[in-house]
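As structure tokens, the structure follows; a few thoughts come after it.
Just so you know, these numbers come straight off a predicted model, no measurement behind them.
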Amino acid sequence: MAKQNRFRLDIWGWITLVMLGVYALFLIYPMLHLVRMAFTGEGGLTFANFVKFFSKSYYSSTLVNSFKVSLAATATSVLVGVPMAYFFTLYRIRGKKLLRILIIIASMSAPFVGAYAWILLLGRNGVVTNFFSGLFGITMPDIYGFNGMLLVFTTQLFPLIFLYVTGALSKVDNSLLEASQNMGCSGIARFFRVILPLITPTVLAGALLVFIRALSDFGTPMLMGEGYRTFPVILYTEFVGEVSQNKGFASAIAIIAILITTTVFFGQNIVSRRNSFAMNALNTITPKPMKGLHGVLVHAFCYIVVGISILPQVYVIYTSFQKTSGLIYVDGYSLDSWRSMFDKLGRSIQNSIILPALSLVVIILMAVLIAYLSVRRRNPLTGAVDVLSMVPYVIPGTVVGIMLLTSFNRRPLLLSGTMAIMIIALVIRRLPYTIRSSVGILHQIPIAIEEAALSLGSTKMKTFFKITVPMMSSGIVSGAILSWVTMISELSTAMILYTGRTQTLTVSIYTEIIRGNYGVAAAMASLLTILTVISLLVFYRFNKDGDVTM
């Protein structure tokens, strides 16, 4: 065992060094450059940027606001996602497969698209707002600020909790539930005493992802935050502000963001380790039929939640076929918005496919190599690669964009404004998804199979690519599809790095919304939804289980 853990300079040793070099160049160096900018002033070392942030309520309040809305969104997502997963696992829900697909579509769309749709529905001149005001004289709650952001985050992010918990419940042995039933513990009491303790580590993992996604989201607060300023918005405006730019101050804000998300990440890991345990379900849970009021209430809850979560995508597609005049929707339907969209897209649609596609090739190659190093060739250096690969998981996209842009805007590595820097950003940010799914499936593959191939004369690389990788295919595909969908809907990093030649579909949608071209924005958002659905169909085609969990 000690021999296995020792670093050896064979082919896998060279791959380890190459991976360390890649992360040193594109992650460690940019982070160190960010630190230098934050702590450097006209007279050398300075803490002025940090003093400025914490001494002025205009800036420090954004931190409080971000925590409030992120914690609230995490709590509401857990309160919605856990019961949904519980009902889907334990009971026969009519239309379950369709509902699951709709939940996944809702989770995979860009958050700012949901924000835009809810503004059309519940904004000051929204359809629902005008309906209740004209018919009943009822004034709807303001969609802007905290309330609107919480609505968008909850409907967008509860599916992540749902997918995590569904995966955990699939590993719960049904004999535990039967034993608790025989001992008189059923219903709500069984959920809190038996099931919830079993899935607590998974709930915490999902809650961490929801919290970080809400904390780092850029598009939603930009569209509907108004006076409710959040962390990513201040970071963006300080870095690319039209009136003034303060890159040192923006770097200080970015470092604060990294420290916050890293602290939360390690805190979640500590709690999860204390509550973690291994479990294999020899007798998986079989969904049971429901009768009476209980069945009605469960179905009503599931249908209402899914209906609300998918409503933004449906309404955006609907409005894309309406006649529009800037911000105003007029009577009648037409394809003018779609025609205008194709005139304005330019290279956006090609970039939204080419950039993620190229990034995905790199992600898959790096993910399978890093996963193998982490599982089969565990030593201090491969452990360092594994840790570094997870660092971008907790860094907001805006911060990644700033790190790369400020680090590679001069020779000898002048990458700003190129497709290369966009690809690097996408790979760094989305690689962890495919690595984790690849690691998970590799743990289930007996090492004896590889040892047998090596004993028969196969080389290490041939064994890896001909035997190990095909057996890892289901985990690779699952992670790759998740990476792909998050890349085509990426906004925060793209807003920092894009140029006219590298503008993506999400940037085009955001730009049209800001300009008030709602019809064109709706058509573009519909196209993005279509790409997401196609990606999901591809996943179902290649996934043997025909199911999506995390």
To the nearest 0.5 Å, what is the distance between [atom1] ([X]) and [atom2] ([Y])?
X    : Y    : atom1 : atom2 : answer
T154 : L150 : OG1   : CG    : 4.0 Å
I349 : I354 : CD1   : CD1   : 10.0 Å
I509 : L528 : CD1   : CG    : 4.5 Å
M524 : W338 : CE    : CH2   : 10.5 Å
T262 : I255 : OG1   : CD1   : 11.5 Å
L151 : L122 : CG    : CG    : 7.0 Å

Worksheet item: Going through the checks in order, is the side-chain contact (heavy atoms from CB on, under 4.5 Å) test met by R100 and F162?
Response: CA-CA 10 Å; R100 185 184 292 273; F162 170 82; 3.9 Å; yes
Taking the side chain as C-beta and beyond, is there a heavy-atom pair between [X] and [Y] under 4.5 Å?
X    : Y    : result
V80  : I161 : no
V507 : M495 : yes
N351 : M422 : no
F53  : E238 : no
Y164 : V203 : no
V264 : L208 : yes

Using a 3.5 Å distance criterion without hydrogens, assess whether the side chain of [X] forms a donor-acceptor pair with backbone atoms of [Y].
X    : Y    : result
R430 : W484 : no
Y116 : Y510 : no
S216 : P396 : no
T89  : Y86  : no
T319 : A522 : no
E512 : Y518 : no

Fill in: Within the 6.0 Å centroid threshold, strictly below: W118 and Y315
no
Worksheet item: Does the separation of the ring centres of F67 and F231 fall below 6.0 angstrom?
Response: no
When [X] is tested against each of [options] for side chain to side chain contact (heavy atoms under 4.5 Å, CB included), which residue passes?
X    : options                : value
F218 : I496, T230, L491, L235 : L491
M419 : L355, L497, I424       : L355
I234 : L63, N65, T62          : T62
V400 : I402, T398, L404       : L404

If you look at every heavy atom in [X] and [Y], which pair is closest and at what distance?
X    : Y    : result
T129 : G123 : OG1-O, 2.8 Å
P356 : I488 : CG-CG2, 3.9 Å
M290 : G295 : CB-CA, 3.7 Å
R124 : N130 : O-OD1, 4.1 Å
M487 : S359 : SD-CB, 3.6 Å
A257 : V399 : CB-CG2, 4.2 Å

Worksheet entry | side-chain contact (heavy atoms from CB on, under 4.5 Å) between C302 and F88, intermediate numbers included | CA-CA 9 Å; C302 295; F88 269 59; 3.8 Å; yes
Fill in: Verdict with supporting geometry, L531 and L505, side-chain contact (heavy atoms from CB on, under 4.5 Å)
CA-CA 11 Å; L531 289 175; L505 183 56; 4.2 Å; yes
Would you please say whether a donor-acceptor pair under 3.5 Å links the side chains of [X] and [Y]?
X    : Y    : answer
T74  : S77  : no
Y333 : Y318 : yes
E490 : S492 : yes

Worksheet item: What do you reckon, is NZ of K52 surrounded by more than 12 foreign heavy atoms closer than 6.0 Å?
Response: yes
Worksheet item: Passes side-chain hydrogen bond (donor to acceptor under 3.5 Å, both in side chains), T502 versus T499? Steps please.
Response: CA-CA 5 Å; T502 58; T499 62; 3.2 Å; yes
Item to complete: Let me see the working for M84 and I103 under side-chain contact (heavy atoms from CB on, under 4.5 Å), right down to the final yes or no.
Response: CA-CA 10 Å; M84 283 285 289; I103 290 172; 3.6 Å; yes
